[in-house]
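Only one structure is covered here, and it is reproduced in the block below.
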Amino acid sequence: MNSEQLLRACQIENGSLMDSSFQSFLNDNYSTSRIVIMVDENTHDYCLEYLLTSFDQLAEAEVMLLPVGEENKVLEVCFQVWEALTEYGVGRNDLIINLGGGVVTDMGGFIAAVYKRGVDFIQIPTTLLGMVDASIGGKTAIDLGIYKNQLGVFKLPLRIYADQGFLETLPDQEILNGFAEMLKHALISSVDMWGDLKAIITLDEMKDARRIANSQAVKCQAVLDDPLDNGQRRNLNFGHTVGHALEGFYLDSLVLSHGHCVALGMVVESQISFAKGFLTQNELLEISTTVCRWFDIPVLDAESFDSLILLMQNDKKNSTNKILGCALKGIGNCTWNVEYSTDEIKNGLKYLLALK
Ligand SMILES: NC(=O)c1ccc[n+]([C@@H]2O[C@H](COP(=O)([O-])OP(=O)(O)OC[C@H]3O[C@@H](n4cnc5c(N)ncnc54)[C@H](O)[C@@H]3O)[C@@H](O)[C@H]2O)c1
C-alpha cells in the first residue's frame with residue numbers, strides 16, 4: 001500500500017449514498033464493467049433494494065448471497081464465490097461492492113483481494129461496527145476453524161461509503177456492538193470524545209454521523225500511522241486481550257457479542273492500568289460506570305479465571321508465553337505490549353464481577 005492509496009482509503013464518505021460520489025465513481029470508472037454486489041441474508045433483505053433502485057448502473061449487477069454470521073466467514077464460502085465469479089467471467093477491470101457488516105466486508109475484501117490477484121472493491125458498511133471499524137484499514141480476513149481472522153491479506157478498498165440510513169434496520173444489540181468500539185476509540189485517543197460518548201443516553205445518539213466520523217478518524221489515524229500493524233495500531237487492541245478470552249469462554253454457553261466482550265475487557269484492562277499506577281481511581285470508576293450502563297456483567301465464578309488466563313496465553317498478540325495487552329495511561333492515552341501478570345488479571349476480573 002502506498003501513502004496515496006492509504007489516504008484515499010481513509011477518506012470515508014458519510015451520509016446518504018445519493019449525495020455522495022458513489023454514482024459518479026461508478027460512471028467514471030465502471031460504466032462498461034461487470035459489477036458484483038456481495039450481501040448476506042439480512043443486507044439482501046434490508047439494504048440491497050435501495051442500492052438497486054437508486055443507481056441505474058447497478059441494474060445489471062450480479063448479486064452474491066453469502067450465508068449470514070461469523071461461522072460462515074470461512075474458506076468453503078470463498079471457494080463457492082470464486083467459482084461463481086469465474087463462471088460470470090468477472091475480470092481484473094470489474095468491481096466488487098461489499099454491502100454488509102464486518103463479516104461481508106472482511107470476507108468480500110478477501111475474496112476480491114485474492115481473485116485474479118486482486119480486483120477493485122469498495123466497502124459499503126451497514127452495521128455500526130462496520131462503519132467505525134471493520135471496513136477501514138485494509139485488513140481482509142476469514143477464519144480457520146476456531147482461529148479468528150487466521151487467513152487474510154492487507155488490501156485497501158478503493159472507497160468506503162458509510163450511509164447511516166442503513167442503521168435504521170440494525171437490531172439494538174448490533175448498535176451496542178459497534179458502540180463498544182466507539183468507546184474504545186475514545187478511551188485510547190481523546191478525552192473530549194470520551195466526554196461526549198459517556199454522556200449518551202439513547203441508542204439513537206450512537207448513530208449520530210458526527211460521532212461516527214470522529215470514531216472513524218481514530219481508526220484511520222492508527223492505520224495511517226502504522227498500516228501493517230507493527231506498532232502504534234496495536235492500541236486498537238485495548239480491551240481485546242481480556243475481551244477475546246471472554247468471547248471464547250462464552251462461545252458455547254452464553255451469547256455475548258464481540259462488542260459486549262470488548263466492553264467488559266476494557267473494564268478489566270482499565271483496572272489493570274489502575275493497578276499499574278497509570279490510571280486514577282476516578283478515571284477507572286468513570287469507565288466502569290459508563291460500560292455498565294450499557295453492558296451487563298455475566299455470571300462468572302472465580303474457578304473460571306484459570307480457563308480465561310489459558311485463553312489469553314494462546315492469544316495471537318503474544319510473542320512469548322507472556323500475556324501482553326494494552327494499558328491506558330490516563331483517559332485518551334494508550335500504550336501497547338504491556339505485560340499482564342496472572343494476579344493482575346485475576347484482580348481485574350474480580351473487580352469486574354464486584355460491579356455486578
Ligand atoms: N477488518 C477489520 O479491521 C475488522 C475490525 C473489526 C471487526 N472485524 C470483523 O467484523 C466482523 C463483525 O462485524 P459485524 O459486527 O458488523 O457483524 P456482522 O457482519 O455479522 O453483522 C451483524 C449482524 O447484523 C446484520 N446486518 C448487517 N447490516 C444490517 C442492517 N443494515 N440491518 C439489519 N441487519 C443488518 C448481519 O446480517 C448480521 O446478522 C467480525 O468478523 C470481525 O472479525 C474486522
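Start at 1 and go down the list; that is how both ligands and their atoms are numbered. Only a predicted model underlies this, so the values are computations on that prediction, with no experimental measurement involved. Just the heavy atoms: all of them, side chains too, but no hydrogens, waters or symmetry mates, feed the values below.
Judged by distance alone, with hydrogens and angles left aside, the side-chain atoms of R211 form a donor-acceptor pair with the main-chain N or O of E205 at under 3.5 Å. A donor-acceptor pair under 3.5 Å is formed between the side chain of E269 and the backbone N or O of V242.
Near K219, meaning under 4.0 Å from any of its heavy atoms, are these atoms of ligand 1: 3 (O). Atoms of ligand 1 found under 4.0 Å from any heavy atom of T126 (numbered from 1 in listed order, with element): 27 (C), 28 (N), 29 (C), 30 (C), 31 (N). For ligand 1, the atoms closer than 4.0 angstrom to any heavy atom of N42 are 25 (C), 34 (N), 36 (C), 37 (O), 39 (O). Every atom of ligand 1 is numbered from 1 in the order shown, and the set under 4.0 Å from a heavy atom of F166 is 30 (C), 31 (N). Close contacts between ligand 1 and G101 involve ligand atoms 16 (O), 19 (O) [criterion: under 4.0 Å to a heavy atom]. For ligand 1 and K73, the ligand atoms under 4.0 Å from any heavy atom of the residue are 40 (C), 41 (O), 42 (C), 43 (O). For ligand 1, the atoms closer than 4.0 angstrom to any heavy atom of E70 are 40 (C), 41 (O). Heavy-atom contacts of D133 reach the following atoms of ligand 1: 5 (C), 6 (C) (cutoff under 4.0 Å).
D204 has a carboxylate O that lies under 4.0 Å from a charged side-chain N of K207, or vice versa, which qualifies the two as a salt bridge. Between D296 and K356 no salt bridge is recorded (no basic side-chain N to carboxylate O distance below 4.0 Å).
D208 CG: more than 12 foreign heavy atoms inside a 6.0 Å radius. Counting non-hydrogen atoms of other residues, nucleotides and ligands closer than 6.0 Å to CG of D45 gives a total above 12. When the shell of 6.0 Å around CZ of R117 is examined, it contains 12 or fewer heavy atoms from other residues, nucleotides or ligands.
The proximity of T140 to ligand 1, defined as any non-hydrogen pair under 4.0 Å, does not occur for either the backbone or the side chain. By the criterion of a heavy-atom distance under 4.0 Å, neither the backbone nor the side chain of E181 is placed next to ligand 1. Proximity of T43 to ligand 1, defined as any heavy-atom pair under 4.0 Å, is confined to the side chain (atoms from C-beta onward). Residue-level proximity to ligand 1 for L167 is absent, since no heavy atom of it falls below 4.0 angstrom.
The heavy atom nearest to atom 32 (N) of ligand 1, out of those in L128, D40, T169, is found in T169. The option with the heavy atom closest to atom 1 (N) of ligand 1, from among L99, D143, D106, is D106. The nearest non-hydrogen atom to atom 15 (O) of ligand 1, considering only I136, V104, D229, N177, comes from N177. By heavy-atom distance, the residue among G102, S257, G109, G137 lying nearest atom 11 (C) of ligand 1 is G102.
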Show the numbers, then the answer: is there a side chain to side chain contact (heavy atoms under 4.5 Å, CB included) between H240 and H258?
CA-CA 9 Å; H240 285 66; H258 172 76; 3.6 Å; yes

Go through it in stages, so that I can follow the logic: the residues are T241 and N237, the test is side chain to side chain contact (heavy atoms under 4.5 Å, CB included), and I'd like the CA-CA distance, side-chain angles, deciding distance and then a yes or no.
CA-CA 7 Å; T241 298; N237 289 326; 5.6 Å; no

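Scanning the protein heavy atoms around atom 8 (N) of ligand 1, the nearest turns out to be A134 CB, 3.6 Å. For atom 12 (C) of ligand 1, the closest non-hydrogen atom of the protein is L129 CD2, 3.8 Å. Looking at atom 29 (C) of ligand 1, its nearest protein heavy atom turns out to be L170 CD1, 3.5 Å. The nearest heavy-atom contact from the protein to atom 42 (C) of ligand 1 is K148 NZ, 3.8 Å. The nearest protein atom to atom 18 (P) of ligand 1, hydrogens excluded, is given as V103 CG2, 3.9 Å; this is a heavy-atom distance.
At a 4.0 Å cut-off, at least one heavy atom of C47 sits close enough to ligand 1 to count as contact.
When all heavy atoms of D143 and N149 are compared, the closest pair comes out as OD1-N, 2.8 Å.
At a cut-off of 3.5 Å, with distance as the only test, a side-chain donor of D120 or Y30 sits close to an acceptor on the other residue. Residues N177 and Q173 bring no donor and acceptor atom of their side chains to less than 3.5 Å of each other.
Between F179 and W294, the ring planes lie perpendicular to each other; the angle is over 60°, past the 30° to 60° tilted range. Classified by interplanar angle (parallel below 30°, tilted 30° to 60°, perpendicular above 60°), the ring pair F110/W82 is tilted.
Considering both main-chain and side-chain atoms, T127 comes within under 3.5 Å of ligand 1 through a nitrogen or oxygen pair.
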